[in-house]
Trainee: 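Quick one: the structure is below, and I'll ask about it shortly.
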Amino acid sequence: MTVTDLVSYEDALASYDPVMGLEVHVELGTKTKMFCGCSTELKQDANSQTCPVCLGLPGALPVVNEIGVESAIKIGLALNCEIADWCRFARKNYFYPDMPKNFQTSQYDEPIAFNGYLDVQLEDGEIFRVQIERAHMEEDTGKSTHVGGATGRIHGASHSLLDYNRAGIPLIEIVTKPIEGAGARAPEVAKAYVAELRELIKALGVSEARMEMGQMRCDVNLSLRPHGREAFGTRSETKNVNSLRSVERAARFEIQRHAAVLSSGGTIVQETRHFHEEDGSTTAGRIKDNAEDYRYFPEPDLVPVAPAREWVEELRKGLPELPRLRRARLKEEWGVTEHDMQSILNAGAVDLIVATTEAGAPSDQARKWWMGELARNANETGRAIDELPITPAQVARVAALVAVGDLNDKLARQVIEGVLAGEGDPDTVVEKRGLKVVSDEGALSTAVDEAIAGNAAIADKIRGGKVAAAGALVGAVMKATRGQADAARVRELILEKLGVEG
């Protein structure tokens with residue numbers, strides 16, 4: 001099926017109700033792997049961060065990472081889950097070249113956290129509750145690189161390379177219950193849920209949750225059922241979607257694709273699918289196994305995990321302010337609209353603005369620079385805003401220089417440009433580029449006199465009562481001073497010299 005074979009989104013929703021299930025894998029920020037002492041640092045030579053345990057060599061015995069368990073409990077608590085008194089690991093059996101043991105150590109019917117929920121806010125302010133089935137611990141697989149083909153996939157490749165550095169890195173998989181009742185807003189709900197979950201994970205400090213780096217990825221399960229029918233339809237699973245926008249697009253595409261197949265009398269195949277960023281489409285992967293096909297059985301080499309209730313309650317008390325509550329508080333403190341707060345969240349600038357205010361800048365100035373000049377630079381350079389080479393303290397210093405009159409907005413933008421270019425901190429850039437506002441009254445007076453003399457006709461208009469024409473003379477002075485004059489003071493001087501009251 002091609003993109004052009006799809007039915008319209010409106011026609012799809014006229015006949016069918018979408019049902020979603022979202023599975024999100026979060027790579028934990030531990031120093032070592034889930035069941036061995038190998039480093040989780042991935043920027044190393046291929047297969048250099050491995051040992052007999054994560055390679056699954058005979059006789060090697062795993063040991064559970066305590067910080068991994070602690071992170072799982074924190075996530076479960078933040079998702080309003082019940083924490084198991086007793087749980088254990090299982091072997092999920094399947095063959096794939098980047099799975100060195102030919103099974104994945106995971107959890108199945110005995111997860112560490114279960115039966116929770118996460119409230120998410122949609123763009124119009126509506127709150128939608130997503131029910132959580134479970135959050136369980138497991139390990140990541142290795143990485144396959146397919147060489148010689150045009151697409152980077154195994155089809156058409158001449159050979160494949162395997163790197164097991166990533167094998168065994170701790171993961172938490174968070175699985176929702178079937179999401180029903182979202183109707184036409186199902187794709188928006190999917191995006192909002194993953195966005196809220198990402199903010200929660202970051203707030204807990206258990207992962208950086210950078211989707212573009214694979215630290216958090218989402219499998220989008222979707223099925224359609226005719227209006228009025230109770231039974232779910234056959235689902236597809238779009239694997240490893242790695243951006244918020246793509247989660248929304250994948251859900252929308254699959255709704256349209258399923259509707260096209262069903263409306264033409266076809267049947268949906270239960271399969272995994274690949275998402276394509278370039279056009280928002282999905283294509284078939286492999287036939288999707290059911291749970292029984294994985295032959296789950298308890299992991300014999302690991303003892304059960306039984307977290308003490310005192311430990312769980314201690315972790316509960318130590319949870320940070322959760323993102324939605326924090327945003328509501330900041331929205332009130334900053335005096336911004338819901339739309340503005342959503343824009344700040346979408347830009348990934350909430351923490352940066354908070355840090356800038358903590359460094360001394362007024363909140364409106366912090367928002368102004370991060371959501372204006374810096375967001376523009378991030379967009380133009382294709383970087384996340386928190387990847388820009390400028391710190392909140394440096395932005396606060398720029399705001400302070402503007403506040404005391406040493407810089408105007410135009411000069412401040414040049415200072416930020418210099419900091420981003422690696423020319424030093426704001427004060428160094430001001431000094432090197434000579435960007436300080438001209439505040440010397442004598443120099444300003446001379447520049448104003450020259451502007452009046454060079455624009456006699458405009459000066460006459462101002463004397464005649466057309467005060468608005470003063471803007472042209474202000475512009476002339478600003479040009480002569482390379483934008484370094486105080487525009488408000490320049491205007492005052494012009495009117496004074498022409499004998500006109502402002």
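What you see is a predicted model; the values in this text were computed from it and never measured.
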Trainee: Tell me whether R383 at atom CZ has more than 12 heavy atoms from other residues, nucleotides or ligands lying less than 6.0 Å away.
Mentor: yes

Trainee: Can you tell me if CD on E332 sees more than 12 non-hydrogen neighbours from other groups inside 6.0 Å?
Mentor: no

Trainee: Would R326 and E199 count as a salt bridge (charged side-chain N to carboxylate O under 4.0 Å, His left out) here? Give the steps.
Mentor: CA-CA 11 Å; R326 180 180 183 233; E199 293 303 308; 6.0 Å; no

Trainee: Please list, chain by chain and in numerical order, all residues satisfying salt bridge (charged side-chain N to carboxylate O under 4.0 Å, His left out) with E299, sequence neighbours excluded.
Mentor: R91

Trainee: Could you label the plane-to-plane angle of the Y296 and Y108 rings as parallel, tilted or perpendicular, counting under 30° as parallel and over 60° as perpendicular?
Mentor: parallel

Trainee: For W369 and D409: C-alpha separation, side-chain torsions, deciding distance, then whether side chain to side chain contact (heavy atoms under 4.5 Å, CB included) applies.
Mentor: CA-CA 10 Å; W369 292 112; D409 280 3; 4.0 Å; yes

Trainee: Just do the side chain to side chain donor-acceptor pair (under 3.5 Å) check on S207 and Q215 with the steps written out, would you?
Mentor: CA-CA 8 Å; S207 173; Q215 295 172 344; 4.8 Å; no

Trainee: Which pairs pass ring-ring contact (aromatic ring centres under 6.0 Å, His included) with one or both residues in residues 169-207, sequence neighbours excluded?
Mentor: none

Trainee: Whether the side chain of N242 engages the backbone of G214 through a donor-acceptor N/O pair (distance < 3.5 Å, no angle test) should be reported.
Mentor: no

Trainee: Which atom pair, heavy atoms only, marks the closest approach of A203 to P323?
Mentor: CB-CG, 4.1 Å

Trainee: Step through the shown structure and confirm whether more than 12 heavy atoms of other residues, nucleotides or ligands are within 6.0 Å of NZ on K143.
Mentor: no

Trainee: Step through the shown structure and confirm whether more than 12 heavy atoms of other residues, nucleotides or ligands are within 6.0 Å of CD on E230.
Mentor: no

